[in-house]
Protein chains: 2
Amino acid sequence: MREGPDIARIASLVGDPARANMLNALMGGTALTASELALEAGVSLPTASSHLSKLMEGGLLTVASQGRHRYYGLAGPQVAGMIEAITGVAEAVGPKRVRPGPRDGAMRVARVCYDHLAGEQAVAMLDRLVDRKLLLRDDNEIRLAPSATEHFAAIGINVAAKARRPVCRACLDWSVRRSHLAGTLGAAILDKIIAEKWARREKDSRAVVFSPPGKLAFERVFLG
Amino acid sequence: MREGPDIARIASLVGDPARANMLNALMGGTALTASELALEAGVSLPTASSHLSKLMEGGLLTVASQGRHRYYGLAGPQVAGMIEAITGVAEAVGPKRVRPGPRDGAMRVARVCYDHLAGEQAVAMLDRLVDRKLLLRDDNEIRLAPSATEHFAAIGINVAAKARRPVCRACLDWSVRRSHLAGTLGAAILDKIIAEKWARREKDSRAVVFSPPGKLAFERVFLG
DNA sequence: AGAATGCTTCGATGGAGGCCGAACTATGCG
DNA sequence: CGCATAGTTCGGCCTCCATCGAAGCATTCT
């Protein structure tokens, strides 16, 4: 019986259906209130509250109090990454879905991952940015090229380095099994996509659907 | 309440301490019998057997019957990756270990991950192989360079592509947060390291400790 | 064939934890 | 100040499941 980091503790937190639903909902990136999460998980408010305090104690969540609301969010990208990994296995192992279904297809193309874009589009984008030498990639380390700050500023994206959080990070994509761009830059790009109305978030889902003109605009700016 | 792949089901499988210990033991890469796993998990044989059938049903394990033994092993690299991801979170979140401890240090330097080498040594090796253009890396895809087959053959490693399993794969390292080399080539290299007695596997641990001359030999061949 | 080993199945037990309603605290609003 | 909304805490219920001993198969050894 060997000792290691307490993996069972973490896994059992995710292992309850109600909590798993909550975490899944939070993978959308936006912080949610306890009531919203209760609804999402299909349990009563007291039950949800109990789950939330367990997730907090386990270090999987952070909370921000705003007035009488308490907004819960994932504790960080590493937690998001873990959930993606578990999702990948569940997906691979689950014999359930013989037919992927349209919504599933949309998820594969583009979806929100924590706070940035994931899916085929996102993977293609990172590839292209590296090709164009705007980003310098060395395995999981991604750095801005000297010219990049200026370039992104020109499209209206400010890449000022915020404290504590890296500007760029590689994040593994469960549907494509390749990396896409996370970090503040990844988040800023997603913000722009939504702000410019190139795409909208599917209600109650992580899927992101581009409008036809939006798709063209996105490709021109980021895949061009 | 949204529907997705059944992540809670998978996570709860890992969420039991006995099962987590078993999976952890199997991360060593060698398949183990039910009795060994019972010992590892600290439970009786009937209990272990019950856990094993659950893990089987969940698709996390494979089994191979040999005579009156049944050898259990991880179902695949994806499962191993998931466990590494959970381990990473548990490690980051667990405030327990104020002092890393020597054995932990050894794990960080070099350890077995499923069937290949992980840790600082392994990450350095992949970097070097890419630098020397023996491997061509494009994100998570790693391919053999044309010259590589011949090169590896010269050091006694046969890289014939087996069915179904890729020769090269990138595998994320939880201690270094960079990738190391998995796939049949990664496995073959670990085999060689053990066969040449450059290093030995620590008893009851995933740690791999190089002997001083073994370390030099390894560095000459793979980091040279 | 008989004994020994490896493993699984069965049945019973007990404990952990998910669940909700009701009561309690806290913040905001008129 | 009282009412409404958001959230947590408490107590009790109930289900699930991990656990083990004993018995049952299967395989190998002698």
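Values reported hereafter were calculated over all heavy atoms of this structure, with side chains retained and with hydrogens, waters and symmetry mates removed. Just so we're on the same page: letters track the sequence lines, and every chain starts at 1.
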Determine whether Val112(B) and Met27(B) satisfy the following criterion, side chain to side chain contact (heavy atoms under 4.5 Å, CB included), listing intermediate values before the conclusion. CA-CA 7 Å; Val112(B) 173; Met27(B) 285 294 282; over 6 Å; no
What is the distance, rounded to the nearest whole Å, between atom CG of Leu45(A) and atom C1' of dA22(C)? 14 Å
Non-hydrogen side-chain atoms of Ile194(B) and Arg201(B) separated by less than 4.5 Å: yes
May I ask you to decide if the ring planes of Trp198(A) and Phe218(A) are parallel, tilted or perpendicular, using 30° and 60° as cut-offs? perpendicular
Please name all residues satisfying side-chain hydrogen bond (donor to acceptor under 3.5 Å, both in side chains) with Thr47(A), sequence neighbours left out, ordered by chain then number. Ser44(A)
Side chain of Thr87(B), backbone of Ile83(B): donor and acceptor closer than 3.5 Å? yes
Protein-nucleic acid N or O pairs under 3.5 Å, nucleotides 26-30 of chain C:
none

Please give me the minimum heavy-atom distance between Ala110(A) and Gln121(A), naming the atom from each residue. CB-CG, 4.2 Å
Any base atoms under 4.0 Å from Tyr72(A), or only sugar-phosphate, or nothing? Heavy atoms, all strands. sugar-phosphate
Quickly work out the His69(B) NE2 to dT8(C) P distance and round it to whole Å. 12 Å
Partners meeting side-chain hydrogen bond (donor to acceptor under 3.5 Å, both in side chains) with Thr149(B) (sequence neighbours left out): none
Below 4.0 Å from chain B heavy atoms, what is the first contacting nucleotide of DNA chain D and what is the last? dA18(D) to dT28(D)
Between P of dC7(C) and CG of Leu32(B), the distance in whole Å: 11 Å
Neighbours of DNA chain D within residues 46-56 of chain A, by heavy-atom distance under 4.0 Å: Pro46(A), Ser49(A)
Residues which pass side-chain hydrogen bond (donor to acceptor under 3.5 Å, both in side chains) with Glu57(A), listed by chain and number, not counting sequence neighbours: none
Check the distance between dT8(C)'s P and Glu57(B)'s CD and give it to me in whole angstrom. 14 Å
Would you indicate whether Lys192(B), at its atom NZ, is surrounded by more than 12 heavy atoms from other residues, nucleotides or ligands within a distance under 6.0 Å? yes
Is any side-chain heavy atom of His116(A) less than 4.5 Å from a side-chain heavy atom of Leu181(A)? no
State, with a plain yes or no, whether a side-chain heavy atom of Met22(A) is found less than 4.5 Å away from one of Leu52(A). yes
